[in-house]
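Report on the structure given below.
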2 protein chains.
Amino acid sequence: MAYAEVFTALADPTRRHIFEALLECPKTVGELAANEVVSRPAVSQHLKVLETAQLVAVEPQGNRRLYSIKSDGLEDLRNYLDRFWSDVLSAYGAEISRRMNNH
Amino acid sequence: MAYAEVFTALADPTRRHIFEALLECPKTVGELAANEVVSRPAVSQHLKVLETAQLVAVEPQGNRRLYSIKSDGLEDLRNYLDRFWSDVLSAYGAEISRRMNNH
DNA sequence: CTCATTGGTAAGGCATGACTTACAGTAAGC
DNA sequence: GCTTACTGTAAGTCATGCCTTACCAATGAG
C-alpha cells in the first residue's frame, strides 16, 4: 500500500536518475553524488525519500553506506497499476456498450 | 516517453482520486468537483495536468465537457516499469553472483 | 433576447519541496 | 591518538505547486 510514496519518489527527475543508476550495481553515496548535478547532501536526502518508498535499501559497510535497489516499492506500484489496468479495460467495455446503446 | 508526466500527475492524492473516479464512468467537471474537497477551478487545473499526462481525454458535449479515462499514460508508465523490472531482476542476479564470489 | 449553467483562465497567497552551506559523528589510515 | 574520508542532519533560502476568489466565454433554457 506504499504506492503513494512511490509516485512521490519517482516524480522527481533527480531521484529517478539516482534510482536508475542503482540498477547497474549497488553504489555508495559518494559514487551516486559524483554522477549527479546536485550536492552530496541533496543526494542523501533523495536517498531517504527513496528508502521510505521501499525503492532502495542500505547496507552499512564500515565507513561507507552501500545503497542498492529494493524491489518492494516497484512491486507495490505494479500491483496498483495492475488493479487499475483491469478497471480501465472494464471501463472501456462499459463505455463501448454505452455508446452502442446511445448512438 | 511521457512517464515523467504520469508520475507527476499521479503523485498528487487529489488527482489520483479524480482519476479513480473516472474509472467508474466518464464524468463532467461539476460531477467530479462535487466529490472532491477542493473547488471546481482546482479540479479543472488537475484535469489539465491529467490530460497532459495522457491519462484522461475530453469530449465537449454542448455546454459541458465530459472527461474520461485515456489509457495512453498508464501504458507509458507500464512500459517504463516493465523495462525496469527486467533490469531489477538482472541486477539481482548480478548481486547474487557477486555475493557468492565475495563470501 | 435575456438569464442561468457550465467550465476554463488569471492573479495572488500560502505551503511544500529541493537545494545549499555548516556542522556532527563514525570508521579508516598513518 | 590524530587526522582524513564518508555520510547523515540542521537551518535557511528559493522555487514550485496547490488552492482560492474573481472574471470571462460559450451553451441552454425560458
Side-chain angles (χ1 to χ4, degrees), chain A residues 2-22 24-70 73 102, chain B residues 2-22 25-70 73 77 102:
Chain A
Y3 61 84
E5 278 110 337
V6 177
F7 275 125
T8 303
L10 294 182
D12 184 84
T14 303
R15 278 198 290 266
R16 273 200 306 272
H17 199 243
I18 293 175
F19 182 69
E20 295 176 13
L22 286 179
E24 188 191 339
C25 68
K27 291 182 171 64
T28 66
V29 180
E31 291 170 350
L32 288 169
N35 290 330
E36 301 297 331
V37 191
V38 299
S39 68
R40 183 196 51 74
V43 173
S44 261
Q45 292 162 8
H46 282 311
L47 285 169
K48 194 174 186 178
V49 176
L50 290 170
E51 192 180 2
T52 302
Q54 307 283 340
L55 287 168
V56 303
V58 208
E59 187 184 357
Q61 285 195 350
N63 203 8
R64 306 174 300 177
R65 291 166 65 90
L66 199 63
Y67 281 88
S68 59
I69 293 291
K70 186 179 180 184
N102 288 359
Chain B
Y3 60 84
E5 278 111 336
V6 177
F7 275 125
T8 303
L10 294 182
D12 184 84
T14 304
R15 278 196 291 265
R16 274 201 305 272
H17 198 243
I18 293 174
F19 181 70
E20 296 176 12
L22 286 179
C25 68
K27 292 182 171 63
T28 66
V29 179
E31 290 170 350
L32 288 169
N35 289 330
E36 301 296 331
V37 191
V38 300
S39 67
R40 181 194 52 74
V43 173
S44 260
Q45 292 162 8
H46 282 310
L47 285 169
K48 194 174 186 178
V49 176
L50 289 170
E51 192 180 2
T52 302
Q54 307 283 341
L55 287 168
V56 302
V58 209
E59 187 183 356
Q61 286 196 350
N63 203 8
R64 306 174 300 177
R65 290 165 66 92
L66 199 63
Y67 280 89
S68 58
I69 294 290
K70 186 179 179 184
L77 180 58
N102 287 359

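Numbered from 1 within each chain, the chains take letters A, B, ... in sequence-line order. These figures come from a predicted structure and were not determined experimentally.
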Residues passing the side chain to side chain donor-acceptor pair (under 3.5 Å) test with B/E31, sequence neighbours excluded, are none
Does any residue of residues 10-18 of chain A have a heavy atom under 4.0 Å from DNA chain C, and if so, which ones, in number order?
-> A/D12, A/T14, A/R15
For B/F19, check ring-ring contact (aromatic ring centres under 6.0 Å, His included) against everything at least two apart and list the hits.
-> A/F84
Distance, nearest 0.5 Å, that separates NE2 of B/H17 from CD of B/E20 | 7.0 Å
First contact, last contact: which nucleotides of DNA chain D are these for chain B, 5' to 3', heavy-atom distance under 4.0 Å?
-> D/dC18 to D/dG28
CD on B/E36 to CD1 on B/I18, rounded to 0.5 Å = 4.5 Å
Sort out for me which residue in B/V29, B/V43, B/T28 forms a side chain to side chain contact (heavy atoms under 4.5 Å, CB included) with B/Y67.
-> B/V29
Would you tabulate the nitrogen or oxygen pairs shorter than 3.5 Å linking the protein to nucleotides 24-29 of chain C?
from, atom 1, to, atom 2, distance (Å)
C/dA27, O3', A/N63, N, 3.3

Going by heavy atoms closer than 4.0 Å, what residues in residues 35-48 of chain B are next to DNA chain D?
-> B/V38, B/S39, B/P41, B/A42, B/Q45, B/H46
First locate atom OG of A/S44, then atom CD of A/E51, and finally report the distance between them rounded to the nearest 0.5 Å.
-> 10.5 Å
Rounded distance (nearest 0.5 Å) linking atom OG1 of B/T8 with atom CG of B/L50 | 11.0 Å
Side-chain donor/acceptor of A/R15 to backbone N/O of A/A9, under 3.5 Å = yes
Test side-chain contact (heavy atoms from CB on, under 4.5 Å) on B/L55 and B/L22 and set out the steps.
-> CA-CA 10 Å; B/L55 287 168; B/L22 286 179; over 6 Å; no
Kindly give the heavy-atom pair with the smallest separation between B/D12 and B/T14, and that separation in Å.
-> OD2-N, 3.0 Å
Would you say B/R64 has more than 12 foreign heavy atoms packed within less than 6.0 Å of its CZ?
-> no
With respect to A/L32, which candidate in A/K27, A/H46, A/R40 satisfies the side chain to side chain contact (heavy atoms under 4.5 Å, CB included) definition?
-> A/K27
Determine: side-chain N/O of B/Y67 to OP1/OP2 of C/dG8, distance under 4.0 Å, yes or no.
-> yes
